[in-house]
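As structure tokens, the structure follows; a few thoughts come after it.
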Amino acid sequence: MVSMHVSGMSVESPVLLNGFEALDACHRHTLAALERLQALIAHLDQNGADAEARAAAAEIEHFFSTTVRQHHQDEEKHVFPRMLASHDPDTVQTVMRLQQDHGWLEEDWRELSPLLAGLAGGQTWVDTDTLRRGAEIFVALSHDHMALEESVIYPQARARVPLAEQRSMGREMAARHRSSPSSRP
């Protein structure tokens with residue numbers, strides 16, 4: 001087991017053998033970070049922007065700005081092209097929706113990120129209600145997006161991508177993660 005620190009939580013992760021295991025692990029870490037975001041907002045309501053809130057905001061902002069963005073790039077590179085080439089109309093439509101989701105998630109994140117960075121930096125201009133509303137949308141879309149990937153696209157992609165290619169994907173993702181301190185949660 002490999003221990004990773006993700007959004008204020010220690011997460012045990014198996015040594016990853018292939019790209020889909022890496023993508024699945026990232027989804028688990030993302031779910032934990034989304035919970036941490038919701039907990040942060042509850043904490044702000046009860047305790048204000050204390051040191052614990054500032055630290056949580058920094059961790060959450062870093063995780064979504066680095067790890068999740070790279071995760072989306074990995075899906076766009078390794079998973080979606082093969083599914084689009086399937087010529088199955090339902091699959092193609094689902095992938096196109098997921099690609100659109102990536103755009104919406106990025107747009108939502110561009111609104112949330114400065115609020116979390118400001119909070120992490122001790123700025124007093126951060127409005128908790130604005131953060132709450134933005135987080136509600138971001139969390140809901142993230143959950144829907146991951147559920148669709150895991151229930152429809154990942155199973156199909158696993159069946160279509162040869163095991164050797166899945167392992168190659170995993171090695172590429174692991175090498176990038178090891179070599180880039182900015183992508184570590």
Side-chain angles (χ1 to χ4, degrees), residues 1-7 9-38 60 62-110 112-113 135-185:
M1 290 287 198
V2 176
S3 182
M4 298 175 67
H5 186 73
V6 178
S7 296
M9 304 173 65
S10 179
V11 177
E12 294 295 322
S13 177
V15 174
L16 302 173
L17 301 176
N18 71 52
F20 289 103
E21 290 172 348
L23 294 170
D24 287 340
C26 190
H27 277 189
R28 288 189 302 275
H29 298 163
T30 300
L31 289 171
L34 291 168
E35 288 177 16
R36 182 93 162 129
L37 175 58
Q38 292 173 308
I60 294 164
H62 178 75
F63 179 74
F64 283 101
S65 290
T66 57
T67 303
V68 172
R69 279 183 170 150
Q70 186 60 58
H71 171 83
H72 291 168
Q73 290 172 4
D74 288 335
E75 290 172 336
E76 297 279 349
K77 177 181 179 181
H78 295 291
V79 179
F80 294 170
R82 188 172 303 253
M83 298 295 90
L84 289 170
S86 74
H87 302 295
D88 173 64
D90 292 334
T91 299
V92 170
Q93 182 178 358
T94 300
V95 170
M96 290 174 66
R97 177 192 161 190
L98 292 169
Q99 289 175 315
Q100 184 178 38
D101 284 354
H102 283 174
W104 286 115
L105 286 164
E106 180 63 23
E107 187 174 316
D108 292 342
W109 185 246
R110 282 190 207 136
L112 285 175
S113 179
E136 287 171 359
I137 294 166
F138 184 74
V139 168
L141 179 56
S142 294
H143 280 280
D144 289 348
H145 178 82
M146 287 184 285
L148 185 58
E149 285 177 337
E150 291 177 2
S151 67
V152 177
I153 296 303
Y154 283 9
Q156 288 183 34
R158 277 185 171 93
R160 292 174 193 250
V161 177
L163 188 56
E165 192 175 326
Q166 291 182 33
R167 289 183 177 141
S168 175
M169 287 167 46
R171 284 191 300 272
E172 178 188 318
M173 291 175 200
R176 186 183 50 254
H177 183 77
R178 281 191 303 271
S179 69
S180 175
S182 66
S183 69
R184 292 188 190 123

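Applying the ring pair (Phe, Tyr, Trp, His ring centres under 6.0 Å) test to Phe138 and every residue at least two apart in sequence or in another chain returns Phe64, Trp109. The side-chain hydrogen bond (donor to acceptor under 3.5 Å, both in side chains) test applied to Gln100 returns no partner, not counting sequence neighbours.
The CD atom of Glu106 lies 9.0 Å from the NE2 atom of His72; values are rounded to the nearest 0.5 Å. Here the CZ-CG distance, from Phe80 to Leu98, works out to 4.5 Å after rounding to the nearest 0.5 Å. A distance of 10.0 Å separates CG in Leu23 from CD in Gln166, rounded to the nearest 0.5 Å. Between the NE2 atom of His145 and the OG1 atom of Thr30 there is a distance of 9.5 Å, given to the nearest 0.5 Å. Met173 CE to Ser168 OG: the interatomic distance, rounded to the nearest 0.5 Å, is 9.5 Å. Rounded to the nearest 0.5 Å, atoms CE (Met169) and CD (Glu172) are 8.5 Å apart.
Under 3.5 Å, the side chains of Glu75 and His102 contain a donor-acceptor pair of N or O atoms.
Closest approach of Val92 and Leu84 over heavy atoms only: CG2-O, 3.5 Å. Nearest heavy-atom pair across Thr91 and Met83 is CG2-O, 3.7 Å. Looking at every heavy atom in both residues, Asn18 comes nearest to Arg167 through CB-N, 3.8 Å. The minimum heavy-atom distance linking Glu76 with Pro81 is given by the pair O-CD, 3.1 Å.
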Inset, instruction - Give the intermediate values and the outcome of ring-ring contact (aromatic ring centres under 6.0 Å, His included) for residues His29 and His71. - result: CA-CA 11 Å; His29 298 163; His71 171 83; over 10 Å; no
Legend entry - Derivation and outcome, side-chain contact (heavy atoms from CB on, under 4.5 Å), residues Asp144 and Leu148: CA-CA 6 Å; Asp144 289 348; Leu148 185 58; over 6 Å; no
Inset, instruction - Could you walk me through whether Gln156 and Asp90 pass the side-chain contact (heavy atoms from CB on, under 4.5 Å) test, one step at a time? - result: CA-CA 12 Å; Gln156 288 183 34; Asp90 292 334; over 6 Å; no
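Using a 4.0 Å cut-off between charged side-chain N and carboxylate O, Asp24 and Arg28 make no salt bridge.
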